[in-house]
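First the structure, in the form of structure tokens, and then the observations on it.
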Amino acid sequence: MPVKLDTYLGVHATALKLRSQRTELLAANLANADTPGYRARDIDFKAALAAAGNPAGGVHLATTRAGHMRGASGGESSPDLKYRVPLAPSLDGNTVDAQLEQAAFAQNTVRYQATLSFLSSKFRGLMTAITGQ
């Protein structure tokens with residue numbers, strides 16, 4: 001009986017990809033902490049994971065002509081990419097709060113490692129089933 005690997009791994013493979021993307025964004029925010037005018041960005045992880053799990057779901061606007069407005073997913077490269085609202089905006093327009101970014105980076109790293117552990121246990125269980133040990 002064939003096993004669908006995507007079904008077996010569940011949401012963990014998608015979560016790992018999203019956590020990796022979020023790590024890149026948070027690292028870019030930290031790298032640009034002193035860049036004037038830089039706006040800190042982040043991913044709404046919960047919304048991104050929900051959209052990845054159900055790509056056809058959600059509410060979409062019905063249009064009758066090509067010139068009509070598109071919905072939230074129309075024309076954007078990543079609808080889940082958001083700009084952070086600064087707690088205390090700086091004079092140069094930079095919205096990066098280094099302490100907030102470092103905390104988000106550390107939390108994301110811990111969750112990335114947890115997702116790797118879940119995937120590792122899934123593969124270990126699969127290998128046990130295949131080898132019969």
Side-chain angles (χ1 to χ4, degrees):
M1 181 168 118
V3 175
K4 289 189 74 170
L5 194 57
D6 290 339
T7 305
Y8 181 72
L9 295 178
V11 72
H12 301 299
T14 305
L16 190 66
K17 181 180 173 186
L18 289 172
R19 293 260 178 237
S20 175
Q21 291 173 349
R22 186 164 189 241
T23 299
E24 290 176 13
L25 281 172
L26 293 172
N29 290 346
L30 285 168
N32 289 297
D34 294 325
T35 305
Y38 183 81
R39 293 173 50 191
R41 299 178 303 169
D42 200 357
I43 292 177
D44 183 359
F45 184 79
K46 185 176 179 180
L49 192 59
N54 188 12
V59 177
H60 300 286
L61 293 176
T63 59
T64 55
R65 293 188 180 171
H68 286 172
M69 291 176 39
R70 288 184 243 180
S73 63
E76 290 183 17
S77 60
S78 179
D80 304 310
L81 188 62
K82 308 288 185 204
Y83 287 101
R84 278 199 206 277
V85 176
L87 298 174
S90 64
L91 295 175
D92 64 359
N94 188 310
T95 62
V96 177
D97 181 358
Q99 292 176 344
L100 180 76
E101 298 298 328
Q102 288 173 347
F105 190 88
Q107 182 186 41
N108 192 59
T109 302
V110 168
R111 291 182 178 189
Y112 184 88
Q113 290 295 328
T115 304
L116 279 177
S117 296
F118 284 126
L119 282 172
S120 177
S121 68
K122 288 282 194 175
F123 282 121
R124 196 174 312 115
L126 190 60
M127 288 302 295
T128 301
I130 291 170
T131 60
Q133 294 179 355

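Residues: numbered from 1 along the sequence shown.
The cluster map of Ile, Leu, Val, Met, Phe, Trp and Tyr, joined by side-chain heavy atoms under 4.5 Å apart, puts Phe118 and Phe123 in different clusters. Placement of Ile130 and Leu119 within a single hydrophobic cluster is found when ILVMFWY residues are connected by side-chain heavy-atom separations under 4.5 Å, directly or transitively. Leu9 is connected to Leu116 through a chain of hydrophobic side-chain contacts under 4.5 Å among Ile, Leu, Val, Met, Phe, Trp and Tyr, so both are in one cluster. Using a 4.5 Å cut-off between side-chain heavy atoms of Ile, Leu, Val, Met, Phe, Trp and Tyr, with links allowed through other members, Leu30 and Leu100 fall into different hydrophobic clusters.
Judged by distance alone, the side chain of Asn32 and the main-chain N or O of Val96 form no donor-acceptor pair under 3.5 Å. Listed for the Thr115 side chain is no donor-acceptor partner under 3.5 Å among the backbone atoms of Ala15.
Taking the side chain as every heavy atom from C-beta outward, Tyr112 and Leu16 approach each other to under 4.5 Å. Ile43 places none of its side-chain heavy atoms less than 4.5 Å from the side chain of Lys82. Using a 4.5 Å heavy-atom threshold, the side chains of Phe105 and Asn29 count as separate. For the pair Asn108 and Leu26, the minimum side-chain heavy-atom distance is below 4.5 Å.
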Kindly determine whether Phe45 and Leu18 satisfy side chain to side chain contact (heavy atoms under 4.5 Å, CB included), including the steps that lead there.
CA-CA 7 Å; Phe45 184 79; Leu18 289 172; 3.5 Å; yes
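For the atom pair CZ of Arg124 and OG of Ser117, the computed distance is 8.5 Å after rounding to the nearest 0.5 Å. With values rounded to the nearest 0.5 angstrom, Ser120 atom OG is found 11.0 Å from Gln113 atom CD. Annotation: the span from Leu25 atom CG to Ser20 atom OG amounts to 10.0 Å, rounded to 0.5 Å.
Around atom CG of Asp34, no more than 12 heavy atoms belonging to other residues, nucleotides or ligands sit under 6.0 Å away.
Nearest heavy atom pair, residue Pro86 against residue Thr95, reads CG-CG2, 3.8 Å.
For residues 94-105, the set of pairs meeting the salt bridge (Lys or Arg N to Asp or Glu O under 4.0 Å) definition, not counting sequence neighbours, comprises Arg84-Glu101. For the salt bridge (Lys or Arg N to Asp or Glu O under 4.0 Å) condition, no pair includes a residue of residues 105-117, sequence neighbours left out. Evaluation of the salt bridge (Lys or Arg N to Asp or Glu O under 4.0 Å) test over residues 14-33, restricted to residues two or more places apart or in two chains, returns Arg22-Asp42.
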